[in-house]
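Read the structure below first, then the notes.
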Protein chains: 2
Amino acid sequence: MSTVTKKQREIIDRPRQILRVSRDIFRKRGYLGLNMDRIAEQMGIAKGTIYQHFKNKEEVILAMAVETLEKRIAMFERAVLFQGCARSRMAAMGCAAELFVINFPDHFELEKVLSCSSIIEKTSEKLQTAKTVAEMRCISLVAGLVRDGIASGGLSLPNDFKPDQVVFGLWSISYGGYSIMESQETLKQMGIENGFRLVRDMNNKLLDGFGWKPLSSELDYNAIFDEVRTLIFSDFPKP
Amino acid sequence: MSTVTKKQREIIDRPRQILRVSRDIFRKRGYLGLNMDRIAEQMGIAKGTIYQHFKNKEEVILAMAVETLEKRIAMFERAVLFQGCARSRMAAMGCAAELFVINFPDHFELEKVLSCSSIIEKTSEKLQTAKTVAEMRCISLVAGLVRDGIASGGLSLPNDFKPDQVVFGLWSISYGGYSIMESQETLKQMGIENGFRLVRDMNNKLLDGFGWKPLSSELDYNAIFDEVRTLIFSDFPKP
DNA sequence: TGCCATTTTTGACGCTTCGTCAAAAATGGT
DNA sequence: ACCATTTTTGACGAAGCGTCAAAAATGGCA
């Protein structure tokens, strides 16, 4: 008998299984449609067993978010390796962010649920920290590129600006833009069809505002997006 | 006896009362803490009566959001009257948006709850439309300023950009930025203290990116914010 | 004022979901 | 085969939602 028995392996793997099933239900039925009895039934185990791994429903949701966040980190880590000037590499990052949203559409819905204070408050400090850590890793990668931009001379920030603040700007546009896109009837009313393209453009204009060379008028960053997609993310389905 | 009796007036006024009480509970206890029994108890009426005015809990939440949105429209309508160049008036709009978030902090929490698809799906088409209409009014006001900017020569948009798209950018930064500010431990980790100031700066940089004159390097838009606050919004408490 | 048709309010009820925990089942060491 | 320990189970109490038949309030009229 191996030191780790079959049973033990089954238990070790269960959290992952629970999250897989939960994600499936969440995708189909959303926050209100995800409930512990349904997870248990779908898993073929008793409800009580789920509570051995997650202290409540909200914790399951947070764990799903952390899981997808790991995927995003992996994508960012690939994007950062794109060969080019700092601003092109930042565009590669934008491409990664866009592909992430497209390929893991449930993540944004999870983020929205978790942004409700009374929901996140029910989760454990520990998992919350795990989420923060994952986010910080994404931010660090992006901030690194801003520093590269400064070091290579393409970007010079005013005295009172720090690299992290530029990241905040990009993050706001992406987070805000994707949120508005997904959940607002309003957009259609505005006659905007291609929201992804628009988020790209706005990120570009923001960086133009900081005077980061080459400006988007000098270099076609949409072409860079295509390049990044074929060179780095060819394993993701075409749009 | 007047044509409208005391009783009738009481009934007509009840939705407003319900929303007042609900907002109070929501502020203190959030989405999960707001429940129909609690509202009824606090109002001194039976639960069933509430259902004469709102078809369910989510509808109450949506109605609260529409109510605050009206406040925002009023603030935007005041801001647009600021005397100055188009870009300064846009700054006035930014000031209004900022003051709105500060003075109606529950609105953002409401937005977050309502951005969850399984929650908004429980509400009536009718109220959803009311929210969209209110949002469109805000957007129109801002888009009008972009057009003024173009007309007065300070701004010239590239061919493939429409005024509404600029609004989308500003809206994304504000929506995204305020969301991140409110609900993220991450920000503190990033060493960002003054989120409001940062949202202002990012909006400015975005408009700089579009080349909207005078650029933020040529005119101190933070000074404009102070001016707007004293001239137009003196009835709002100082920060 | 008293009567009664109509409107409005009430809160008990059935249903769903949450999270718990004592009892039952499974495990694995001897 | 036995049994101490670990793991699973699902019935249960609590809480909240939305409903609806019964009760109460209203207001027009004699």
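Order of the sequence lines sets the chain letters (A, B, ...), proteins ahead of strands, with each chain counted from 1. Atom set for the values below is all heavy atoms of this structure, side chains included, hydrogens, waters and symmetry mates excluded.
Counting distance only, with no hydrogens placed and no angle test, the side-chain atoms of B:Lys47 and the base atoms of D:dG18 include a donor-acceptor pair under 3.5 Å.
Look at CZ on A:Phe54: it is 17 Å from C1' on C:dC18, rounded to the nearest Å. In this structure, A:Asp37 places its CG atom 14 Å from P of C:dT20, rounding to the nearest Å. Atom NE2 in B:His53 sits about 9 Å away from atom P in C:dT8, given to the nearest Å. A:Asn35 has its CG atom 5 Å from the P atom of C:dC18, to the nearest Å. Between B:Ile25 atom CD1 and D:dG16 atom P the separation is 11 Å, expressed in whole Å. Whole-Å rounding puts the A:Met43 CE to D:dG10 P distance at 14 Å. Rounded to an integer number of Å, the gap from CD1 of A:Ile39 to P of D:dG10 is 17 Å. Rounding to whole angstrom units, CE of residue A:Met36 and C1' of C:dT17 are separated by 11 Å.
A salt bridge is defined here as a Lys NZ or Arg NE, NH1 or NH2 lying under 4.0 Å from an Asp or Glu carboxylate O, and A:Arg20 with A:Asp24 fails to meet this definition. Between B:Asp201 and B:Arg197 there is a salt bridge, with a side-chain nitrogen of the basic residue lying less than 4.0 Å from a carboxylate oxygen of the acidic one. The residues B:Arg16 and B:Glu67 are annotated as not salt-bridged, no charged nitrogen and carboxylate oxygen being separated by less than 4.0 angstrom.
At the heavy-atom level, A:Leu32 lies nowhere under 4.0 Å from the strands shown. Using a 4.0 Å heavy-atom cutoff across all strands shown, B:Lys57 reaches sugar-phosphate atoms only and no base atom. Counting non-hydrogen atoms under 4.0 angstrom, A:Ile50 reaches nothing in the nucleic acid.
Residues that satisfy the side chain to side chain donor-acceptor pair (under 3.5 Å) test with A:Ser124, not counting sequence neighbours, are A:Glu59.
For C:dT9, one of the phosphate oxygens OP1 or OP2 lies less than 4.0 angstrom from a side-chain nitrogen or oxygen of B:Gln52.
Checking C:dT10, C:dG19, D:dC17 against every side-chain atom of A:Lys122, the shortest atom distance belongs to C:dG19. Nearest nucleotide to the A:Glu58 side chain, out of D:dG18, C:dG19, C:dT17: C:dG19. When the nucleotides D:dG18, C:dC18, D:dT7 are ranked by their closest atom to the side chain of A:Arg14, D:dT7 comes out on top. Side-chain proximity of A:Ala46 to the nucleotides D:dT9, D:dC17, D:dG16 is greatest for D:dT9.
No close placement of the B:Tyr175 and A:Tyr175 rings is indicated, their centers lying 6.0 Å or farther apart.
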